Amino acid sequence: VLLLLWALAGQSMRMTVQINMTAYVITFTGLLIAAAAVTVALGFYLVYALRRILHTDCPFCYAAHVINIVLLALLVLAR
């Protein structure tokens, strides 16, 4: 929850990057969304590895991955 509030407060933080005469604006919230998306993608691989490679179940692991998906959704909706 604190991370989400920090992201909402950080929307005013912006950085402009210019590449080949094109200016791109990178916001703090955008960086958080990118990090959360990478975490969710890694989580999908880890669930695949648990189920298909290791042939095991881990309810706590599944819960952690669901929490990551929910955080990503909240960041996208708060944007």
Side-chain angles (χ1 to χ4, degrees):
V1 173
L2 292 177
L3 182 63
L4 188 61
L5 292 176
W6 187 32
L8 291 173
Q11 278 188 326
S12 62
M13 294 183 211
R14 296 176 184 265
M15 180 174 66
T16 304
V17 178
Q18 188 168 357
I19 300 174
N20 293 336
M21 304 298 289
T22 304
Y24 298 98
V25 177
I26 300 171
T27 62
F28 182 70
T29 306
L31 290 175
L32 283 178
I33 290 173
V38 168
T39 303
V40 168
L42 179 63
F44 280 122
Y45 169 73
L46 291 175
V47 169
Y48 167 78
L50 274 173
R51 299 287 296 154
R52 300 293 179 178
I53 298 172
L54 300 175
H55 303 290
T56 187
D57 286 326
C58 178
F60 294 114
C61 299
Y62 298 149
H65 297 310
V66 168
I67 289 170
N68 284 334
I69 292 169
V70 169
L71 287 175
L72 175 62
L74 288 174
L75 280 171
V76 169
L77 291 175
R79 184 175 153 207

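Keep in mind that this is a model prediction, so the values were computed, not measured. Residues: numbered from 1 along the sequence shown.
- Atom OG1 of residue T39 and atom CD1 of residue I67 lie 13.0 Å apart, to the nearest 0.5 angstrom.
- For residues 22-33, the set of pairs meeting the salt bridge (charged side-chain N to carboxylate O under 4.0 Å, His left out) definition, not counting sequence neighbours, is empty.
- For residues 43-79, the pairs satisfying disulfide bond (SG atoms under 2.5 Å apart) are C58-C61, with sequence neighbours left out.
- Separation of atoms CG (L74) and CG (L32) is listed at 12.5 Å; rounding is to 0.5 Å.
- One distance of note links CG of L31 with CG of L75; it measures 11.5 Å at 0.5 Å rounding.
- Note on residues 54-65: pairs passing side-chain hydrogen bond (donor to acceptor under 3.5 Å, both in side chains), not counting sequence neighbours, are R51-D57, D57-Y62.
- Applying the salt bridge (charged side-chain N to carboxylate O under 4.0 Å, His left out) definition to pairs two or more places apart or across chains, none involves residues 21-48.
- In the hydrophobic clustering of this structure, V40 does not group with V38; members are Ile, Leu, Val, Met, Phe, Trp, Tyr whose side-chain heavy atoms approach within less than 4.5 Å, directly or through other members.
- Linking ILVMFWY side-chain heavy atoms closer than 4.5 Å, directly or via other members, places F60 and V47 in two distinct hydrophobic clusters.
- With a 4.5 Å cut-off on side-chain heavy atoms, F44 and N68 do not count as touching.
- Sorted by first and then second residue, the salt bridge (charged side-chain N to carboxylate O under 4.0 Å, His left out) pairs with a member in residues 36-49 form an empty list; sequence neighbours excluded.
- Screening residues 19-46 for salt bridge (charged side-chain N to carboxylate O under 4.0 Å, His left out), with sequence neighbours left out, gives no hits.
- For V76, the side chain to side chain contact (heavy atoms under 4.5 Å, CB included) criterion is met by I33, L72, not counting sequence neighbours.
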